[in-house]
Each structure stands twice: as structure tokens, then as C-alpha cells.
Amino acid sequence: MSRNIDYKEMYDLRAHAIGLEDGKDRYTFKLIQKYISSNDLVLDLGCGRGSILNPLVSKGVNAIGFDYSSSNVKLLQQAGRKVILGNATKPLPFNQNSFHVVICYEFLEHFKLDDIHNILDNIYRILKPNGYLFFTVPKKEKLKTGAVSCPQCKHIFHHWGHMTSFDDDLIKYLLAKHRFTIKKIMSIYGATLYKIGIPLFVIKLLSNFELKFKQVNKTLANYLVIAKRTAASNT
């Protein structure tokens, strides 16, 4: 599979072609917003075109975006958002214990495991003790089903640049290793069901079940993980 950096051009092009994104109606946003107050300082790590950042700012939250696509950053800055260009696998340009909340929306799956360890270390450092980490990743994704081949060089890569498949055990291992306490792991089915008005209580109910359909050869759900940083201070 290709390295994450190979996808920068694609996300730059999406910023030009599609523009800003607002996920205020997404189930993920509806489920996490109750944990966030207007007094919180929030980092949207891998903010993309602003799916989570934009509705947070619209609600008066002091939120900062961080992304490696220069076009995403420029797009959001032109809309008046506070956004920083950078690489999340490197030390983040923030002081330790700075943020009340860090959000990674459809982000961590784009990295190999070694890089995910670095990112979680970075998050731990900048998150306040007892601060919240929210992230979504595809649930038990079969990476090979998303693989495509370049017709010229024949290189095989995931069509969205996904590098790691997550299951319950991997999530629990990663968060325990990096000193986070899991508050909730939910399965959010139907990424587009919000468009047809499926009530949130139905989504919450479905999250309690493991839905499988043999004839559907793709990921049916995303994990929504709600975790808290341990109260121990950094050394």
C-alpha cells in the first residue's frame, strides 16, 4: 500500500472541486456535541474540509483545525477558521495540556500502526488531564476490498488511502498503551442515513448490535470511540 503522503494531491483537488463541508447533521457530531462546551478549547486533528470544525465554530466553540493538505487549510482559513498546516505524526505545535478535547474524524485509518502510536502520543501530550478524545474509524474494514491498481505503474493501493483496519481489540490495546480510558465504543451504521432522516435513537439502538450481511462486501459501520486522558500529569 502507498504511504499516506501520496494522497495529498487528491485531497487538495477535493478542496478545490467540492469546497467546505458541514457535518452538523451527522450522527457523529450529534453524539459528541453534548460533551463539548463553548468554554472548551478543541483541536480537530485531520480536519479536512471542516466537517466537524465548521459546526463546532458555528456553535461558538473555540476550535482549531490541523491538516496536512495546504488546500484544505487555505479553504478553511478563507472561511475564517483557525487552521494550521502540519504533519500529525510529528510533534504538534501546541503546549502540553492545552486542549480540553481532541477530535479525529475519519483520520487514524489513513496511517500505519507506527504512525498511529506517534499520533496518540502527540494527543496525550497536548490534551488536558481528563480531557476527551473522540475518534471515528471504519469498523473491521477489509482493506483488500478497497484496493485498486494504477493502470500505468501497476502499484496497488487503497482507493481512500486507508492503511490500518480497526477492531475492538486493537482500539482497546492502543488506548490502554497510550494512557487513555475508554468511556464508550459505538458502532455507527449507515454513514448517509442522516440524509433520509433516520432518528438518532435508532442509530443508538443499532450500535448495540453486530450487523453482518454476507452479500455486502464492504464496511457497514464506523466506530465512534469516546475516551478520556488519564489524570496523571506528563513527565
Side-chain angles (χ1 to χ4, degrees), residues 3-5 7-8 11-12 14-15 20-23 26 28-29 31-33 35-36 40-57 59 61-77 79 81-138 160-164 166 171 174-175 177-180 182-183 222-229 234:
R3 292 179 303 165
N4 177 271
I5 195 67
Y7 295 83
K8 180 180 180 301
Y11 287 106
D12 284 345
R14 284 168 62 85
L20 292 171
E21 188 174 17
D22 191 326
R26 290 184 181 273
T28 300
F29 182 72
L31 289 165
I32 69 173
Q33 63 178 331
Y35 296 91
I36 302 171
D40 288 340
L41 179 61
V42 178
L43 177 65
D44 186 357
L45 194 59
C47 60
R49 293 175 288 112
S51 178
I52 300 298
L53 182 66
N54 286 321
L56 283 175
V57 174
K59 287 183 172 294
V61 176
N62 185 10
I64 299 172
F66 189 95
D67 203 86
Y68 89 128
S69 164
S70 57
S71 294
N72 283 344
V73 170
K74 183 178 180 181
L75 178 73
L76 288 164
Q77 287 177 341
R81 308 306 187 218
K82 293 183 285 187
V83 189
I84 295 173
L85 178 68
N87 183 344
T89 66
K90 307 297 183 182
L92 297 172
F94 307 107
N95 294 329
Q96 71 175 39
N97 303 341
S98 296
F99 291 92
H100 299 88
V101 176
V102 174
I103 300 170
C104 299
Y105 179 68
E106 297 181 8
F107 177 65
L108 294 176
E109 67 271 19
H110 292 270
F111 297 89
K112 291 185 177 180
L113 199 55
D114 286 348
D115 286 332
I116 294 172
H117 284 296
N118 291 335
I119 292 169
L120 290 174
D121 278 339
N122 289 336
I123 293 172
Y124 184 91
R125 184 186 68 82
I126 65 172
L127 195 59
K128 292 179 178 292
N130 291 316
Y132 277 102
L133 167 62
F134 303 102
F135 68 85
T136 63
V137 289
W160 287 118
H162 294 181
M163 298 284 176
T164 298
F166 289 82
I171 289 170
L174 286 169
L175 292 179
K177 181 175 178 61
H178 295 278
R179 296 168 288 174
F180 290 91
I182 296 173
K183 306 304 291 184
N222 277 5
Y223 285 111
L224 168 59
V225 181
I226 301 173
K228 294 186 78 172
R229 211 208 86 165
N234 287 317

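Fair warning: this is a prediction, and the values are worked out from it, not measured in the lab.
Shown are Tyr132, Phe94, Tyr124; of these, the ring-ring contact (aromatic ring centres under 6.0 Å, His included) with Phe99 is made only by Phe94.
Here the CD1-OG1 distance, from Ile32 to Thr28, works out to 7.0 Å after rounding to the nearest 0.5 Å. To the nearest 0.5 Å, atoms CG (Asn95) and CD1 (Ile126) are separated by 10.0 Å. Atom CZ of Phe135 sits about 13.0 Å away from atom CD1 of Ile103, to the nearest 0.5 Å. In this structure, OH in Tyr105 is found 13.5 Å from CG in Leu53, a value given to the nearest 0.5 Å. Residue Lys228 holds its NZ atom at 5.5 Å from NZ of Lys183, rounded to the nearest 0.5 Å. To the nearest 0.5 Å, the span separating NZ on Lys177 from CD1 on Ile116 amounts to 13.5 Å.
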Evaluation steps, side chain to side chain contact (heavy atoms under 4.5 Å, CB included), between Val42 and Val102: CA-CA 6 Å; Val42 178; Val102 174; over 6 Å; no

Trace of the side chain to side chain contact (heavy atoms under 4.5 Å, CB included) decision for Asn54 with Leu76: CA-CA 9 Å; Asn54 286 321; Leu76 288 164; 3.8 Å; yes

Verdict with supporting geometry, Leu92 and Leu45, side chain to side chain contact (heavy atoms under 4.5 Å, CB included): CA-CA 10 Å; Leu92 297 172; Leu45 194 59; 4.2 Å; yes

Step-by-step side chain to side chain contact (heavy atoms under 4.5 Å, CB included) determination, Leu133 to Ile123: CA-CA 8 Å; Leu133 167 62; Ile123 293 172; 4.1 Å; yes

Test side chain to side chain donor-acceptor pair (under 3.5 Å) applied to Asn62 and Lys82, step by step: CA-CA 9 Å; Asn62 185 10; Lys82 293 183 285 187; 2.5 Å; yes

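A side-chain donor-acceptor contact under 3.5 Å links His100 to the backbone of Leu41. A donor-acceptor pair is defined here as one N or O able to donate and one able to accept, closer than 3.5 Å; such a pair exists between the side chain of Gln77 and the backbone of Val83. Side-chain atoms of Asn72 do not come within 3.5 Å of backbone N or O of Asp67 as any donor-acceptor pair. A distance-only check finds a donor-acceptor pair linking the side chain of Lys128 to the backbone of Asn97 [under 3.5 Å].
The shortest heavy-atom contact between Phe107 and Ala88 is CZ-CB, 3.7 Å. Pro55 and Gly50 get closest at one heavy-atom pair: CD-O, 3.7 Å. Phe29 and Gly23 get closest at one heavy-atom pair: CB-O, 3.5 Å.
Put simply, the side chain of Tyr223 does not reach to within 4.5 Å of the side chain of Pro138, judged on heavy atoms. Side-chain contact between Leu75 and Arg49: present, with at least one pair of heavy atoms (C-beta onward) separated by less than 4.5 Å. The shortest side-chain heavy-atom distance between His110 and Tyr11 falls under the 4.5 Å cut-off. Residues Val57 and Val61 are not in side-chain contact: their nearest non-hydrogen atoms beyond the backbone lie 4.5 Å or more apart.
Between Glu21 and Arg26 there is a salt bridge, since at least one side-chain N of the basic residue sits less than 4.0 Å from a carboxylate O of the acidic one.
Between Tyr35 and Phe134, the gap from one ring centroid to the other is short of 6.0 Å.
Looking at Thr136 and Asn222, their side chains never bring a donor and an acceptor atom within 3.5 Å of each other. Of the N and O atoms on the side chains of Arg229 and Asn130, not one donor lies less than 3.5 Å from an acceptor on the other residue.
Residues satisfying the side chain to side chain donor-acceptor pair (under 3.5 Å) criterion with Thr164, sequence neighbours excluded, are absent altogether. For Thr89, the side chain to side chain contact (heavy atoms under 4.5 Å, CB included) partners are Asn87, Phe111, Asp115, Ile119, not counting sequence neighbours. Contacts of Lys74 classified as side chain to side chain contact (heavy atoms under 4.5 Å, CB included), with partners at least two apart in sequence or in another chain: Gln78.
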